[in-house]
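Single-structure report; data block below.
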There are 2 protein chains.
Amino acid sequence: MSVESARARTLSHVDPAEVPLQAALDALADPVRRSILRDLAVHDDWTRACGTFDLPVKKATASHHFSVLRAAGLIEQRDEGARRLNRLRRPEFDTAFPGLLSATIDRAD
Amino acid sequence: MSVESARARTLSHVDPAEVPLQAALDALADPVRRSILRDLAVHDDWTRACGTFDLPVKKATASHHFSVLRAAGLIEQRDEGARRLNRLRRPEFDTAFPGLLSATIDRAD
DNA sequence: CATGGTGTTCGATCCCTGTCGTACAGTGGT
DNA sequence: ACCACTGTACGACAGGGATCGAACACCATG
């Protein structure tokens, strides 16, 4: 039938403007999450699925990190078949927290 | 004798440029510490002693927070008699982490 | 020197969260 | 239908850090 091929598994996205500073900082304070964000900053297209990241954690943990990033308004996710694609919400987040993203992920360490 | 009246209780200060991003974010992620930094941002003179802050924690905990802030290169401390005065190292820290401090403490929440 | 005030140090406790294994749900291809 | 692949949900575990009380060090002033 496929009334709508977009099952989308009920993905809830929040407006970065509604995200408390505490939540944003908690999300950015984790090195694994920053690693994800840096990767997404480079690949600004919708090409990175959750499983394509080279992370030092198991997939259950990675899934948790993506959930935190989404709840903090830092990433947007979209289902494409079995894969879940990610995008860095840089413009929206920059509007809500000017300078925070750049100060956090534009760095060597 | 007072060869040097500056006992200073061996206060070690680090160069903000040598502080790892992780340490800076960990320091900024705590609400009590951000409260201290906001207070210091307003009073840029050397007038705030550790005990003069209105914090929701006991003095032992407050002392711990000041220690973390100093280790992160965010504040400078100077002993004046029995009191320990504090100063926000905004210019130094801004040079090491452009935009991070402003994004973190210039806010309502 | 005795006292009160300021701040640190040391243990102990508690809670939060990052981590993982396993089980489960969708998807797509064979 | 079956299977491989992708990602989530749930329960459990361990480590770290925030918190506190109590003891201690240092300073200033009677």
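Nothing here was measured: the structure is a model prediction, and the numbers come from that model.
- Put simply, SG on A:C50 and NZ on A:K59 are 11.5 Å apart, with the number rounded to the nearest 0.5 Å.
- Heavy-atom distances under 4.0 Å link DNA chain D to no residue of residues 36-46 of chain B.
- A straight line from CG of A:L11 to C1' of D:dT6 spans 14 Å, rounded to a whole angstrom.
- The shortest non-hydrogen separation linking B:G73 to B:R89 is O-CD, 3.6 Å.
- Taking CG of A:L11 as the reference point, atom CG of A:D79 lies at 5.0 Å (rounded to 0.5 Å).
- Residues B:E80 and B:R78 are paired through a salt bridge, judged by an N-O separation under 4.0 Å between the basic side chain and the carboxylate.
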- Nucleic acid footprint by protein, nucleotides 13-20 of chain C - heavy-atom cut-off 4.0 Å, B for base, S for sugar-phosphate alone: -----SBB
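- Closest approach of A:P16 to A:E92, counting heavy atoms only: CG-CB, 3.8 Å.
- For the residue pair A:N86 and A:L40, the shortest heavy atom distance occurs at O-CD2, 3.8 Å.
- Here the C1' atom of nucleotide C:dG7 and the CZ atom of B:R48 are 17 Å apart, to the nearest Å.
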Could you give the side-chain donor-acceptor pairs of residues 100-109 of chain A under 3.5 Å, partners two or more places apart or in another chain?
residue, atom, partner, partner atom, Å
A:S102, OG, A:R90, NH1, 3.4
A:T104, OG1, A:L100, O, 2.7
A:R107, NE, A:D109, OD1, 2.7
A:R107, NH1, B:A96, O, 3.0
A:D109, OD2, B:L21, N, 2.9

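- Distance, A:R78 CZ to D:dT6 P: 18 Å, rounded to whole Å.
- Exactly one of A:D39, A:D45, A:T47 qualifies for a side-chain hydrogen bond (donor to acceptor under 3.5 Å, both in side chains) with A:H43. That residue is A:D39.
- The nearest whole Å value for the distance from the CG atom in A:L69 to the C1' atom in D:dT8 is 16 Å.
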Would you tabulate the nitrogen or oxygen pairs shorter than 3.5 Å linking the protein to nucleotides 3-5 of chain C?
none

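- Rounded to a whole Å, the CD atom of B:E80 is 19 Å from the P atom of D:dC26.
- Going from atom CG of B:L28 over to atom P of D:dA18 covers 12 Å, rounded to whole Å.
- Here the side chain of B:T95 pairs a donor or acceptor atom with the backbone of B:P91 at under 3.5 angstrom.
- Atom CG in A:L88 sits 9.0 Å away from atom CZ in A:F93 (nearest 0.5 Å).
- The shortest non-hydrogen separation linking B:A23 to B:V19 is CB-CG1, 3.9 Å.
- Summarising the geometry, the separation between CZ on A:F66 and C1' on D:dG7 is reported as 10 Å, rounded to the nearest angstrom.
- Residue B:R83 contributes atom CZ, which lies 10 Å from atom C1' of D:dC27 at whole-angstrom precision.
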Counting only pairs under 3.5 Å, give me each side-chain donor-acceptor contact of residues 24-31 of chain B, with atom names and distances, residues two or more places apart or in other chains.
residue, atom, partner, partner atom, Å
B:D26, OD1, B:Q22, NE2, 3.1
B:D26, OD2, B:Q22, NE2, 3.4
B:D30, OD1, B:V32, N, 2.8
B:D30, OD1, B:R33, N, 3.2

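- B:E76 and B:H13 get closest at one heavy-atom pair: CA-NE2, 3.5 Å.
- Contact check, A:R84 against D:dT8: a side-chain N or O comes under 4.0 Å of OP1 or OP2.
- Across the helix from C:dC1-D:dG30 to C:dT30-D:dA1, the helix axis at one end is tilted relative to the axis at the other end by 20° (nearest 10 degrees, each axis from five pairs).
- In terms of heavy atoms, A:V57 sits closest to A:A62 at CG2-N, 4.0 Å.
- Looking at heavy-atom distances under 4.0 Å, A:A49 makes contact with sugar-phosphate atoms alone, never a base.
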